[in-house]
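Below: one structure, written as structure tokens.
Order of the sequence lines fixes the chain letters, A, B, ..., with proteins taken first and strands second; residue numbering starts at 1 for each chain.
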There are 2 protein chains.
Amino acid sequence: MPDSDYRDIRTLDLFAEMADEHFTALMRGAYVQNFPAQIELITEGEPSDFLHIVLAGSVDLFSAWNDRETSMATVRPISTFILAATIKDAPYLMSARTLEKSRIVLIPSQDVRGIFDVDNNFARAIVTELAQCYRSVIKAQKDLKLRTSLERLANYLIRQQHHAGGGAEFKLDFEKRRLASVLGMTPENLSRAFKGLQPYGVKVNGTLITIEDQADLRRFAKPNPLIDDFST
Amino acid sequence: MPDSDYRDIRTLDLFAEMADEHFTALMRGAYVQNFPAQIELITEGEPSDFLHIVLAGSVDLFSAWNDRETSMATVRPISTFILAATIKDAPYLMSARTLEKSRIVLIPSQDVRGIFDVDNNFARAIVTELAQCYRSVIKAQKDLKLRTSLERLANYLIRQQHHAGGGAEFKLDFEKRRLASVLGMTPENLSRAFKGLQPYGVKVNGTLITIEDQADLRRFAKPNPLIDDFST
DNA sequence: TGAGCGATTTGACAATTATCAATCGTAGAT
DNA sequence: ATCTACGATTGATAATTGTCAAATCGCTCA
């Protein structure tokens, strides 16, 4: 594994505090691979053989049932995914596919569980990571159950705007069909939802969004840190 | 704290493996209290001062936004809730209220975090617990995003039947308005959903459910362990 | 026993969301 | 530059779900 990758991974909260020898041991069994876009990295239901880390590119976590499919989340560099399945040695609950050319690290789950047993700092970091993940899903659940699709879109745009620096203009960071799926609606419905936000000053031009009057949109969206603030 | 409570708590996976002295320390700061029904134990947004344990009774975890409210989960003895908020020292994401007369243990969050820092077995148990919680929410999310309300109800009934021992007859374990909220629908809609399952052999008499032909209902519900099996 | 209360059910209707088909627009290939 | 493929949009329609009001059921308690 290239040194730069090695260092990137080491800086992740999850690995930052663990003993050198344990980190080295983990990396020894790991391998890095470049995948093209649209490759299915893991399939739900399969045993969790590897903990994955996205170094570059992006990965879609999705799930299917009865011929329907939904995007659960997007993983961007640098972060891990499938940690809970790895730790529990349980089957994956979600599938994962690359959205673009991506650089992925694979760490054998067995190694992760082994080091987890002997490195207390690592175990503690895992707690923090899992607690964070758990709270994120709870927020997503609240978003889904308490809001209409129009409200979800409005709040998504506000979050995205903030994430992009807060300017009136910003770009959507993925294609609309996937955004629709993440927000729990159909692409057609998303298209109409964008129209439905026009009265609140939202302009859409392809992937470029303009929010003319933040306050106006916020009055409609009623963003709430207990749903929309992903940092806490 | 009575000895029997003390022992009950000690048998929880979360506390079973920790050092005696640490468990004793935790219990020293804890207190047990009996609450009547319909008492709001915690409110979302507030700092997480206590880890809660339900010894008897039951607790509803719910959340509100913009005058809407939804039930997220029900906690039954003996288990903890609000672990993630306690560990992260972050505000509660959900409120909690007793559904009936309940016996609750309150452990100061500060104590939990303190012991977490020094007791590695406790830290490991927390990892397992959080991973379990995380996976449960992911399953709930898939249930919500991939299924219609009729399908959610059908699968809920199948789970409930299994949980009740597998007989053709069983009782719903909470009132219908709350079931509706848990399943993400209105009480009116739930009432109609029960009707909608009649063709599949579901009979409803108050809180008593009869499933005449399991196979028939399963053909419609298409239960899936990656959504419906709460044990993995 | 029966009044009173709240939960549930029903009916009528409205809002939301999904589906299907057709068209548009654009980026990449030839 | 034109063609092609695919995602995005639009229109028409259907299915799903929610809302409101009224009726019904079941239970508690005087």
Side-chain angles (χ1 to χ4, degrees), chain A residues 36-38 60 64-71 97 99-101 143-157 171-199 202-209 220-221, chain B residues 36-38 60 64-71 97 99-101 143-157 171-199 202-209 220-221:
Chain A
Q38 305 300 336
D60 182 33
W65 178 82
N66 195 26
D67 286 326
R68 286 164 232 172
E69 186 182 304
T70 189
S71 277
R97 74 163 75 90
L99 287 170
E100 52 191 309
K101 213 159 92 50
D143 193 42
L144 269 176
K145 290 185 78 175
L146 290 168
R147 289 170 170 165
T148 67
S149 60
L150 199 59
E151 290 164 343
R152 289 200 296 277
L153 175 60
N155 280 291
Y156 172 82
L157 292 178
K171 293 218 159 204
L172 293 177
D173 59 353
F174 39 59
E175 57 177 336
K176 289 179 181 168
R177 51 151 55 212
R178 268 191 14 85
L179 175 57
S181 186
V182 169
L183 294 177
M185 53 178 131
T186 58
E188 294 95 328
N189 200 5
L190 174 64
S191 193
R192 288 167 185 129
F194 273 122
K195 289 243 167 90
L197 290 180
Q198 274 181 12
V202 175
K203 291 240 178 311
V204 185
N205 193 318
T207 164
L208 182 72
I209 308 293
F220 169 73
Chain B
Q38 303 300 334
D60 182 33
W65 177 81
N66 195 25
D67 286 328
R68 286 165 233 171
E69 186 181 303
T70 189
S71 277
R97 74 163 77 88
L99 288 170
E100 52 192 307
K101 210 157 94 51
D143 193 43
L144 271 175
K145 290 186 80 175
L146 290 168
R147 289 170 171 166
T148 66
S149 60
L150 199 58
E151 290 164 343
R152 289 200 296 277
L153 175 60
N155 280 291
Y156 173 83
L157 291 179
K171 294 219 160 204
L172 293 177
D173 60 352
F174 38 59
E175 58 176 338
K176 289 179 182 167
R177 50 151 54 214
R178 266 190 16 84
L179 175 58
S181 186
V182 168
L183 293 177
M185 54 179 129
T186 57
E188 293 94 330
N189 200 3
L190 174 64
S191 191
R192 286 165 187 131
F194 272 123
K195 289 242 167 92
L197 290 180
Q198 274 181 12
V202 175
K203 291 238 178 313
V204 184
N205 193 318
T207 165
L208 182 72
I209 308 293
F220 169 74

ask   = For B:F194, is the NZ or CZ atom of B:K203 found under 6.0 angstrom from the centre of its six-membered ring and inside 45 degrees of the ring axis?
value =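 Judged by the rule, B:K203 and B:F194 form no cation-pi pair.
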
Shortest side-chain distance from [X], nucleotide among [options]:
| X | options | result |
| --- | --- | --- |
| B:K176 | C:dA18, C:dT8, C:dT17 | C:dT8 |
| A:N189 | C:dA18, C:dT19, D:dA21 | C:dA18 |
| A:T148 | C:dT9, C:dC20, C:dT17 | C:dT17 |
| B:S149 | C:dA18, C:dT17, D:dT17 | D:dT17 |
| B:R192 | D:dG18, C:dA18, C:dG11 | C:dG11 |

Grab the [atom1]-[atom2] distance between [X] and [N] for me, whole Å please.
| X | N | atom1 | atom2 | result |
| --- | --- | --- | --- | --- |
| B:N205 | C:dT8 | CG | C1' | 13 Å |
| B:I209 | C:dT8 | CD1 | P | 12 Å |
| A:F194 | D:dT9 | CZ | P | 8 Å |
| A:E151 | D:dG18 | CD | C1' | 13 Å |
| B:L144 | D:dT16 | CG | P | 17 Å |
| A:D67 | C:dT19 | CG | C1' | 15 Å |

key: hbond_proxy B:R68 side chain to D:dG18 base (donor-acceptor, 3.5 Å cutoff)   =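 Counting by modelled atom types and ignoring angles, no donor-acceptor contact under 3.5 Å is found here.
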
task = Measure distances between side-chain N and O atoms of B:R177 and base N and O atoms of C:dG6, and say whether any donor-acceptor pair falls under 3.5 Å.
result =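 Side chain to base: no pair present.
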
inquiry  = Main chain of B:E188, side chain of B:K176: is a donor-acceptor contact present, judged purely on distance under 3.5 Å?
reply    =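 Side chain of B:K176 to backbone of B:E188, a donor-acceptor pair under 3.5 Å: no, none is there.
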
query = Quick one: does B:R147's side chain have a donor or acceptor within less than 3.5 Å of a partner on B:R152's backbone?
reply =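 No, because the side chain of B:R147 does not come within donor-acceptor range (under 3.5 Å) of the backbone of B:R152.
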
inquiry  = Go nucleotide by nucleotide along DNA chain C from the 5' end; which of B:S191 and A:R147 gets its closest nucleotide reached first?
reply    =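 That would be B:S191.
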
message = Just to be sure I understand the rule, does B:E175 reach a base, reach only the sugar-phosphate, or reach nothing, if contact means heavy atoms closer than 4.0 Å?
response =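 Contact class for B:E175: sugar-phosphate only.
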
inquiry  = Between B:E151 and A:R68, does any NZ, NE, NH1 or NH2 come within less than 4.0 Å of an OD or OE carboxylate oxygen?
reply    =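 Looking at B:E151 together with A:R68, the answer is yes, because their closest N to O distance falls below 4.0 Å.
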
message = Looking at B:R97 and B:E69, is there a salt bridge between them, counting it only when a charged N and a carboxylate O are closer than 4.0 Å?
response =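 Yes, this pair counts.
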
